[in-house]
J.: 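Before I ask anything, here is the structure I am working with.
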Amino acid sequence: MSWWSTAEPRSADRMAETGTARPTAWRGPVAAVILLQTAAAFILHSLPTTGPALIALHGWSESVIGYLMALAMASSIVFMLASGGAVHRFGPIRCVQVCLLVSAAGLALLPFATWTAPVATAVLIGFGYGPATPAASDILQRFSPPRHRAFIFSLKQAGVPLGGVAAGLLLPWLVTDYGWAGVTALTGAVAVAATLFAQVSRARSDLPRPSSGAPSTGRRRVRLVEPILTLRSGPGLPVLAGVGGCLAVTQGVFNAFLIAYLTIDLGLAFSVAGAVFSAMQAGGFIGRLAFGWVADRLGSGIAVVRIAAAGSIGSALVLSVAEPEWGTTILIGLGATIGIVGAGWNGVQLSEIARRSPPGAVSETAAGATTFVFAGFVCGPAGFGLALAQLGSFPAVLAGLAVVPALALALSFSVPRHTPNQGPSVFP
């Protein structure tokens with residue numbers, strides 16, 4: 001099938017009707033969305049991992065990186081909410097493929113000495129990152145076996161810290177030795193490779209295009225608040241979305257400021273700070289898989305989300321008293337622990353959102369809930385940057401950050417735990 005072929009793909013719904021779904025049919029679509037998510041995360045993490053180099057190049061203050069990350073996530077929210085029509089019209093995989101290539105091209109603007117260049121880059125990175133989560137949720141809800149759904153959602157979300165690991169290990173070294181040309185070349189190659197790999201599974205994964213007699217999706221494209229309103233259609237969805245938003249504040253701060261904190265405040269070498277950042281992302285990868293497995297064993301993800309909230313409180317407090325004398329090994333271990341508890345919740349939360357969603361509305365409710373998560377990624381770095389500018393103390397602001405996951409923990413107790421699995425699947 002060609003890239004722009006109009007032939008109707010074999011959707012999961014069609015396979016469910018004809019009984020042609022194989023027990024291993026989920027592997028191709030899952031692999032495709034994991035790779036696309038990983039590539040999008042790699043590009044997103046290019047901002048914090050090259051932050052010190054950007055600060056030195058442009059003479060910025062430390063808080064500017066937080067503002068750019070906030071802008072990228074704000075852009076992600078807008079494009080995620082606006083992507084419903086494109087996902088239904090062109091299919092989830094194709095939509096993410098195009099967005100990913102555009103965001104990789106936008107990264108080439110970063111080194112230009114004008115304020116419009118990094119702003120445009122942040123907006124285009126958001127364009128590439130935003131539609132990935134709701135598009136993938138639509139695919140995984142249709143393909144994943146319900147008894148393994150939390151793990152599979154977590155496996156897909158593990159692509160986010162995996163992209164962060166690669167960015168933390170490669171980009172600080174690349175920008176130091178080869179400049180921005182090397183960064184641009186690598187991110188472009190990653191985007192193209194992920195796009196080509198995902199094309200193999202696109203025909204099986206993407207929904208058929210609507211016929212001429214199908215209801216118009218124009219209203220879906222115009223009403224950006226529609227995904228948020230769909231959160232009223234399932235038990236506990238609004239509160240669960242709020243919990244995710246609070247946890248995202250803490251995670252967003254760690255992602256945006258960890259390297260700056262370690263290099264500027266603690267005086268660590270750039271390479272050491274990159275290794276700690278990579279350890280945090282690797283911990284996020286492990287945490288998402290482990291938390292997804294535990295959630296499937298428990299039959300609910302609420303308890304797992306509470307564990308993550310408690311761990312995020314401790315992470316902020318411990319990081320606020322970190323000292324360079326602790327040594328590289330302990331700091332890397334701390335980074336891994338922060339990643340496990342601070343990022344391991346995301347796939348479990350998305351699987352809970354999908355499980356509580358009414359049939360046919362998974363991508364919409366996923367977009368609505370992810371809006372709160374992305375809002376946390378916006379408010380976290382931006383608010384932390386403002387507080388840092390006012391107080392001038394990383395440790396004080398980090399200690400105050402612990403209040404936010406404490407709020408998430410309190411909110412989690414108002415989410416109803418036992419609900420039926422509403423979402424459809426190809427598998428029994």
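Count residues from 1 along the sequence. Source: prediction; values computed, not measured.
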J.: Taking the side chain as everything from C-beta on, heavy atoms only, tell me whether Phe291 gets closer than 4.5 Å to Asn346.
T.: no

J.: List the residues meeting side-chain contact (heavy atoms from CB on, under 4.5 Å) with Val33, not counting sequence neighbours, and say none if there are none.
T.: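 Checked Val33 against side-chain contact (heavy atoms from CB on, under 4.5 Å); matches are Ile93, Ala136, Ile139, Leu140, Lys156.
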
J.: Quick one: list whatever passes side-chain hydrogen bond (donor to acceptor under 3.5 Å, both in side chains) with Thr329, sequence neighbours left out.
T.: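 Testing Thr329 for side-chain hydrogen bond (donor to acceptor under 3.5 Å, both in side chains), a comparison that skips the adjacent residues, returns none.
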
J.: I need the full list of ring pair (Phe, Tyr, Trp, His ring centres under 6.0 Å) pairs touching residues 36-55, with sequence neighbours left out, sorted by first then second residue.
T.: His45-Phe277

J.: Could you pull out all residues at least two apart from Thr121 that satisfy side-chain contact (heavy atoms from CB on, under 4.5 Å)?
T.: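 For Thr121 the side-chain contact (heavy atoms from CB on, under 4.5 Å) partners, ignoring immediate neighbours, are Leu107, Leu109, Leu110, Ile125.
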
J.: Indicate the atoms forming the closest heavy-atom contact of Ser278 with Leu169, along with that distance.
T.: OG-N, 3.1 Å

J.: Residues two or more places apart in sequence or in another chain: which of them pass side-chain hydrogen bond (donor to acceptor under 3.5 Å, both in side chains) with Ser75?
T.: none

J.: Enter the distance from Leu319:CG to Leu398:CG here, rounded to the nearest 0.5 Å.
T.: 5.0 Å

J.: Which heavy-atom pair separates Leu124 from Val102 by the least distance, and what is that distance?
T.: CD2-CG1, 3.9 Å

J.: Side chains of Leu331 and Leu268, heavy atoms from C-beta outward: is any pair under 4.5 Å?
T.: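 A side-chain contact under 4.5 Å exists here.
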
J.: If the condition is side-chain contact (heavy atoms from CB on, under 4.5 Å), which residues does Ala181 pass it with, not counting sequence neighbours?
T.: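 Once residues adjacent in sequence are excluded, Ala181 has no partner under the side-chain contact (heavy atoms from CB on, under 4.5 Å) criterion.
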
J.: As an exercise, state the distance from CD1 of Ile259 to CE of Met280, rounded to the nearest 0.5 Å.
T.: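 The CE atom of Met280 is 8.0 Å from CD1 of Ile259, to the nearest 0.5 Å.
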
J.: Find out whether Ile307 and Val341 are in side-chain contact, i.e. whether some heavy atom of one side chain is under 4.5 Å from a heavy atom of the other.
T.: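 No, every pair of side-chain atoms sits at 4.5 Å or beyond.
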
J.: What I'd like to find out is whether the side chain of Leu186 reaches to under 4.5 Å of the side chain of Tyr178, using heavy atoms alone.
T.: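 Leu186 vs Tyr178: side chains apart.
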
J.: Measuring only between side-chain heavy atoms, which start at C-beta, is Gln349 closer than 4.5 Å to Val373?
T.: yes

J.: Applying side-chain contact (heavy atoms from CB on, under 4.5 Å), can you list everything that pairs with Ala402, at least two apart in sequence or on another chain?
T.: Ile313, Ala316, Leu317

J.: What is the minimum heavy-atom distance between Ala167 and Pro172, and which atoms define it?
T.: O-CD, 3.2 Å

J.: Do the side chains of Phe254 and Ser315 get nearer than 4.5 Å, heavy atoms only?
T.: yes

J.: Evaluate the side-chain proximity of Thr195 to Leu100: yes if any heavy-atom separation is below 4.5 Å, no if none is.
T.: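 Side-chain contact under 4.5 Å: yes.
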
J.: Might you point out which heavy atoms bring Gly301 and Val348 nearest each other, and give the distance in Å?
T.: CA-CG1, 3.4 Å

J.: Let me confirm one number: the CH2-OG distance from Trp345 to Ser412, rounded to the nearest 0.5 Å.
T.: 13.0 Å

J.: Shortest non-hydrogen contact from Leu68 to Pro118?
T.: CD2-O, 3.8 Å

J.: Step by step, would you call Val243 with Glu352 a side-chain contact (heavy atoms from CB on, under 4.5 Å)?
T.: CA-CA 12 Å; Val243 169; Glu352 279 292 307; over 6 Å; no

J.: For a side-chain contact (heavy atoms from CB on, under 4.5 Å) check, start with the C-alpha distance between Phe384 and Val249, then their side-chain angles and the critical distance, and finish with the verdict.
T.: CA-CA 9 Å; Phe384 192 94; Val249 168; over 6 Å; no

J.: Which residue pairs pass the side chain to side chain donor-acceptor pair (under 3.5 Å) test when at least one of the two sits in residues 162-173, sequence neighbours left out?
T.: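 Side chain to side chain donor-acceptor pair (under 3.5 Å) check on residues 162-173 returns Trp173-Asp177.
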
J.: Please report the interatomic distance CG(Leu350) to CD1(Ile152), rounded to the nearest 0.5 Å.
T.: 14.0 Å

J.: Can you tell me how far CG of Leu162 sits from OG1 of Thr38, rounded to the nearest 0.5 angstrom?
T.: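 So the gap between those two atoms works out to 4.5 Å.
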
J.: Which residues pass the side-chain hydrogen bond (donor to acceptor under 3.5 Å, both in side chains) test with Thr370, sequence neighbours left out?
T.: none

J.: Side-chain contact test, heavy atoms from C-beta onward, threshold under 4.5 Å: evaluate it for Leu240 versus Ile302 and give yes or no.
T.: yes

J.: Any chance you could measure Leu407, atom CG, to Leu247, atom CG, to the nearest 0.5 Å?
T.: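 Result: 9.5 Å between the selected atoms.
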
J.: Looking at residues at least two apart in the chain, or sitting in another chain, which of them share a ring-ring contact (aromatic ring centres under 6.0 Å, His included) with Tyr129?
T.: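 Only Phe374 meet the ring-ring contact (aromatic ring centres under 6.0 Å, His included) criterion with Tyr129.
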
J.: Which pairs count as side chain to side chain donor-acceptor pair (under 3.5 Å) when at least one residue sits in residues 252-263, sequence neighbours excluded?
T.: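 For residues 252-263, and leaving out neighbouring residues, the side chain to side chain donor-acceptor pair (under 3.5 Å) pairs sorted by first residue read Asn255-Gln281.
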
J.: Mind checking ring-ring contact (aromatic ring centres under 6.0 Å, His included) for Phe197 and listing every partner two or more places apart, or none if nothing turns up?
T.: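 Applying ring-ring contact (aromatic ring centres under 6.0 Å, His included) to Phe197 gives none.
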
